2 protein chains.
Amino acid sequence: MQFASTGSHSEGRPAGRAVSRQVLADHVYEELLASLMDGRLEPGTAVSIDGTARELDVSPTPVREALARLEHTGMVRRVALKGYRVAPVFTREDFAELMEARLAIEPVNARLACARLTPGHLAELERAVADLKDAPRGPSFAEFRGYLEADERFHRLIAEQTGNQFMVAAYAALGGQIQRFRLFGGVGITDADHAIAEHQAVLDALATGDPEKAAAAMAEHVQKVRGRAIADAPAE
Amino acid sequence: MQFASTGSHSEGRPAGRAVSRQVLADHVYEELLASLMDGRLEPGTAVSIDGTARELDVSPTPVREALARLEHTGMVRRVALKGYRVAPVFTREDFAELMEARLAIEPVNARLACARLTPGHLAELERAVADLKDAPRGPSFAEFRGYLEADERFHRLIAEQTGNQFMVAAYAALGGQIQRFRLFGGVGITDADHAIAEHQAVLDALATGDPEKAAAAMAEHVQKVRGRAIADAPAE
DNA sequence: CATCTTCAAATCCTATAGGACCGGGCGTGG
DNA sequence: CCACGCCCGGTCCTATAGGATTTGAAGATG
């Protein structure tokens, strides 16, 4: 899994440049990100620098750099001289706070995106909703991973279509966490039918070109997600 | 967001451990952050890893880690194998986008903060406004630095008093940039009197305990800041 | 049995070395 | 005069080495 080894063979690159000289730290970053998203690294477990370096067959330096970037996303936390740990699971309060923040930001995104929507953007959103419908929804994490990806993509696309880099940044500050809230209690996807219908409603509202309708549809979606998740939450 | 600052050397912790031993990378991070905030590093200039390592008399490894963290704040940008550069200056469009985002987030923060305001919080806010009034307002950056710091502190305190970690994160995604927009055209502080009055109005609205009043006052403040800045903007 | 000491392994953190690439100055040939 | 190649310093990137610190457990002691 670790090509790009510096120990090149006798001859240099054959013709043309090597596709794109890659930075090892980027690979480590994506590898760790995938491990976190897939749930292979459970919340609370330590992420040893030397350990992952050995596991990925690289030196600790790129691992250190990758973890420094991950820390700012909230996926891992760092204690001064003790190393990195996967951020703890969401509590019910965390979830409520997340939904409060989404309710403040995402309707605004929908309103702004609606004003400058292009047919190309609309097609991308339709594809995301279609992927949402087609995605498998099994009980294991690997199975509903595609579902979560399409869900996140839908919301991220709307954020990007605002054309406002700061709204994208604000959404991104939440986005990384949005994936993880599903681990909250380990409940799977039980509300797919409702969620798909709401996404479709948001899409339709955007297509009408009325910003207020779009914002209202998004607000309703977020509120309903919150309501269902609270209902499904495991009893403490 | 510069808590966890490794204190100099206050020894003799009664029963606790010595304050987290200083990690060199943290020191480099704060040093770079200060240089960026003070304008000693102008936008567009390259930030050499080896160079700053020599300048700060450390090895490149901590510098690399500090820059990896800074990248996620938007203060510096990294090109794959070419190094880091200070993010470019704000254009008029960037500024408009920033204000749009602030207008979406900050009134919500004011509303939420108002609902759970304590006397202690109120005192901190009053201190921030007082500092704003007392701060010098000269033409050079070093002179109105205290003013900017108090301004940012006021808004950050409100974000933190929402008690919602995600609203803090969303604000922080903007906060690092808020400092820099003053460089937009190099205009100094020309609207201090108006701004101070508006901050006072926000504070008064918070003190009444009416969340809607607080949100409205904050929205008015942000809108007026936008209006004044556009009026002051240098002609292209 | 409980508690403290001590030691060894693991880990974090920093420094240093070396490979690969880029850009500029300089000399030689046309 | 201009073009081309070469050298060289600078930089990024990764690997490796070694000091500093925490942790966990074995062993000693009351």
Side-chain angles (χ1 to χ4, degrees), chain A residues 1-32 41 44-72 76-87, chain B residues 4-7 9 11 13 15-32 41 44-72 76-86:
Chain A
M1 187 46 150
Q2 61 289 358
F3 42 94
S5 164
T6 55
S8 61
H9 299 118
S10 49
E11 102 282 11
R13 47 210 157 317
R17 70 286 246 50
V19 273
S20 70
R21 235 180 111 221
Q22 34 204 338
V23 180
L24 220 45
D26 292 346
H27 268 254
V28 176
Y29 181 87
E30 305 219 355
E31 197 69 27
L32 284 173
L41 288 177
T45 60
V47 181
S48 158
I49 294 177
D50 292 349
T52 57
R54 282 191 300 270
E55 188 169 346
L56 298 180
D57 199 37
V58 296
S59 83
T61 312
V63 176
R64 178 174 296 276
E65 185 170 335
L67 281 172
R69 290 185 216 164
L70 271 178
E71 185 198 2
H72 239 289
V76 298
R77 297 188 185 285
R78 164 177 170 275
V79 183
L81 285 160
K82 293 192 49 180
Y84 291 86
R85 307 189 74 85
V86 181
Chain B
S5 164
T6 66
H9 43 66
E11 80 172 72
R13 267 298 190 268
R17 65 292 216 64
V19 280
S20 66
R21 199 156 302 278
Q22 83 171 4
V23 177
L24 219 45
D26 293 345
H27 221 281
V28 175
Y29 181 87
E30 306 221 355
E31 197 67 28
L32 284 174
L41 288 177
T45 61
V47 181
S48 158
I49 295 177
D50 292 349
T52 56
R54 282 192 299 271
E55 189 169 345
L56 298 179
D57 199 37
V58 296
S59 83
T61 311
V63 176
R64 178 173 296 274
E65 185 171 336
L67 281 172
R69 290 186 217 165
L70 271 178
E71 185 198 1
H72 221 283
V76 298
R77 296 189 184 285
R78 163 177 171 275
V79 183
L81 286 157
K82 292 196 52 179
Y84 292 87
R85 309 188 73 86
V86 181

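Since the model is a prediction, treat every value here as computed from it, not as a measurement. Below, chain A is the first sequence line, B the second, and so on; all start at residue 1.
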Protein-nucleotide distance ([X], atom [atom1]; [N], atom [atom2]), rounded to Å:
{"X": "B:L81", "N": "D:dG10", "atom1": "CG", "atom2": "C1'", "value": "15 Å"}
{"X": "A:L24", "N": "D:dC13", "atom1": "CG", "atom2": "P", "value": "11 Å"}
{"X": "A:R85", "N": "C:dT11", "atom1": "CZ", "atom2": "P", "value": "12 Å"}
{"X": "A:E71", "N": "C:dC13", "atom1": "CD", "atom2": "P", "value": "11 Å"}
{"X": "B:E65", "N": "C:dC12", "atom1": "CD", "atom2": "P", "value": "11 Å"}
{"X": "B:L67", "N": "D:dT11", "atom1": "CG", "atom2": "P", "value": "14 Å"}

Q: Look at the side-chain N and O atoms of B:R64 and state whether any lies under 4.0 Å from the OP1 or OP2 oxygen of D:dC13.
A: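 It does, given that an N or O in the side chain of B:R64 lies less than 4.0 Å from OP1 or OP2 of D:dC13.
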Q) Is there a side-chain polar atom (N or O) of B:K82 under 4.0 Å from OP1 or OP2 of D:dC13? A)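 Result: no.
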Q) Mind checking what makes side-chain hydrogen bond (donor to acceptor under 3.5 Å, both in side chains) contact with B:E71, not counting sequence neighbours? A)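 For B:E71 there are no side-chain hydrogen bond (donor to acceptor under 3.5 Å, both in side chains) partners, ignoring immediate neighbours.
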Q: Give every residue pair that meets the side chain to side chain donor-acceptor pair (under 3.5 Å) criterion with at least one member in residues 61-70 of chain A, sequence neighbours excluded.
A: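 Side chain to side chain donor-acceptor pair (under 3.5 Å) check on residues 61-70 of chain A returns A:D26-A:R69, A:R64-B:E65, A:E65-A:R69, A:E65-B:R64.
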Q: For DNA chain D, find the residues of residues 48-60 of chain B with a heavy-atom distance under 4.0 Å and give them by number; none if there aren't any.
A: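 Here the set is B:S48, B:I49, B:D50, B:R54.
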(Q) With a 4.5 Å cut-off on side-chain heavy atoms, are B:V58 and B:E31 touching? (A)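 They are not in side-chain contact.
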**Q.** Polar side-chain atom of A:R85 near backbone of A:G44 as donor-acceptor pair, under 3.5 Å
**A.**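 Yes, because the side chain of A:R85 sits within donor-acceptor range (under 3.5 Å) of the backbone of A:G44.
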Q. Quick one: which of A:V76, A:T52, A:V86 gives a side chain to side chain contact (heavy atoms under 4.5 Å, CB included) with A:L41?
A.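 So the option named by the test is A:V86.
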Q: Work out which heavy atom in B:L67 is nearest to a heavy atom in B:I49; give both atom names and the distance.
A: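 Heavy atoms only, the tightest pair is CD1-CG1, 3.9 Å.
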